[in-house]
Amino acid sequence: MGSSELPRAGRPEELGFSPARLDGISARFRRDVEEGRIPGAVILIARAGQLAYAETFGWRDREQEAPMEIDAIFPIASMTKPLTSLSAMMLAEEGRLHLAAPVAEYLPEFAGRTIGIERVPAGCAMSVQDLLRHTSGLTYGLFGDTPVQRLWREADLMATGQT
């Protein structure tokens, strides 16, 4: 997507953005490139069909010293979490999802949740916000070697063909 496909606002303030905060974004990404944390980035921020901010940082190909371009295409992975989070925030904005609500309010299967291999009652209900911040206590058996993760792997929960 080229930045020319959306009209650029005259000033970010016209769209409700702080130029100082946007400058902070630029400074952070420049620093991340300089310190080698990332090779490069493209950041676009739009509101109401207009670009408030469109900047490139670093390299599209560091070894070839090819600068990042606004329409660069590069592989990204694991977009389920940000897209799900965005959808959840849109529902929250519409008043159809309450972030502080227990997950069990929406998914009754999570009522009466237990924790650990001892399966003791949880001290508090898992909230929608906990899911969004990844503080729910849910885990994957693929990573780590805690007792819960070992049980997860032994149960073969990732086997294909499950319903």
Side-chain angles (χ1 to χ4, degrees), residues 1-107 110 113 115 122-146 148-149 152 157-158:
M1 171 177 122
S3 66
S4 62
E5 293 179 28
L6 286 177
R8 189 163 192 141
R11 296 181 356 259
E13 304 95 275
E14 294 171 15
L15 298 175
F17 291 97
S18 160
R21 299 288 299 266
L22 295 174
D23 289 344
I25 292 172
S26 297
R28 178 61 198 218
F29 277 89
R30 273 194 291 279
R31 190 169 50 250
D32 285 350
V33 168
E34 289 167 7
E35 293 175 3
R37 285 191 185 97
I38 60 172
V42 177
I43 309 292
L44 300 171
I45 301 174
R47 181 178 281 160
Q50 292 185 358
L51 280 174
Y53 179 89
E55 299 293 331
T56 62
F57 304 93
W59 308 102
R60 181 174 42 85
D61 184 330
R62 190 181 350 223
E63 288 75 27
Q64 299 294 318
E65 294 188 2
M68 185 62 74
E69 297 174 7
I70 199 79
D71 60 352
I73 297 174
F74 39 92
I76 54 177
S78 195
M79 289 305 296
T80 305
K81 291 174 184 77
L83 291 175
T84 301
S85 296
L86 173 65
S87 300
M89 295 308 292
M90 291 169 68
L91 290 170
E93 191 173 60
E94 294 170 4
R96 297 169 58 196
L97 179 71
H98 302 282
L99 300 180
V103 172
E105 185 175 310
Y106 301 101
L107 300 169
F110 280 96
R113 173 176 73 115
I115 58 174
C124 61
M126 177 183 14
S127 71
V128 172
Q129 184 177 28
D130 289 326
L131 290 175
L132 293 171
R133 331 182 266 212
H134 307 287
T135 57
S136 67
L138 298 176
T139 186
Y140 297 98
L142 305 174
F143 309 108
D145 201 38
T146 67
V148 170
Q149 291 161 323
W152 208 95
L157 297 176
M158 296 300 285

Taken in chain and number order and not counting sequence neighbours, the residues that satisfy side chain to side chain contact (heavy atoms under 4.5 Å, CB included) with Met89 are Leu99, Leu132
Item checked: Intermediate values then yes/no, side-chain contact (heavy atoms from CB on, under 4.5 Å), Phe110 and Leu138 -> CA-CA 11 Å; Phe110 280 96; Leu138 298 176; 4.1 Å; yes
_Can you confirm whether Leu131 sits close enough to Met126 that some side-chain heavy atom of one is under 4.5 Å from a side-chain heavy atom of the other?_
yes
- Message: Would Ile115 and Arg113 count as a side-chain contact (heavy atoms from CB on, under 4.5 Å) here? Give the steps.
- Response: CA-CA 7 Å; Ile115 58 174; Arg113 173 176 73 115; 4.2 Å; yes
List the atom pairs, donor and acceptor, that lie under 3.5 Å between side-chain atoms in residues 60-68 and the rest of the protein, sequence neighbours left out.
residue, atom, partner, partner atom, Å
Asp61, OD1, Glu63, N, 3.1
Asp61, OD1, Gln64, N, 3.1

With sequence neighbours left out, the residues meeting ring pair (Phe, Tyr, Trp, His ring centres under 6.0 Å) with Phe29 are Phe57
Side chain to side chain contact (heavy atoms under 4.5 Å, CB included) filter on Leu97, not counting sequence neighbours, yields Ala88, Leu91, Tyr106, Val128
Quick note, side chain to side chain donor-acceptor pair (under 3.5 Å) partners involving residues 9-26, not counting sequence neighbours, are Arg11-Glu13, Ser26-Tyr53
Ignoring hydrogens and angles, write down the donor-acceptor pairs under 3.5 Å from the side chains of residues 36-52, residues two or more places apart or on other chains.
residue, atom, partner, partner atom, Å
Arg37, NH1, Asp32, OD1, 3.2
Arg37, NH1, Glu35, OE1, 2.4
Arg37, NH2, Glu35, OE1, 3.1
Arg47, NH1, Leu15, O, 2.7

The complete set of side chain to side chain donor-acceptor pair (under 3.5 Å) pairs with one or both residues in residues 126-138, sequence neighbours excluded, reads Ser127-Asp130, Asp130-Arg133, Asp130-Thr135, Arg133-Thr135
Those residues at least two apart in sequence (or on a different chain) that pass side chain to side chain contact (heavy atoms under 4.5 Å, CB included) with Ala125 are Pro102
Tightest non-hydrogen contact, residues Glu55 and Ile70, listed as N-CD1, 4.2 Å
Residues pairing under side chain to side chain donor-acceptor pair (under 3.5 Å) where one sits in residues 82-94, two or more places apart or in two chains, turn out to be Glu94-Arg96
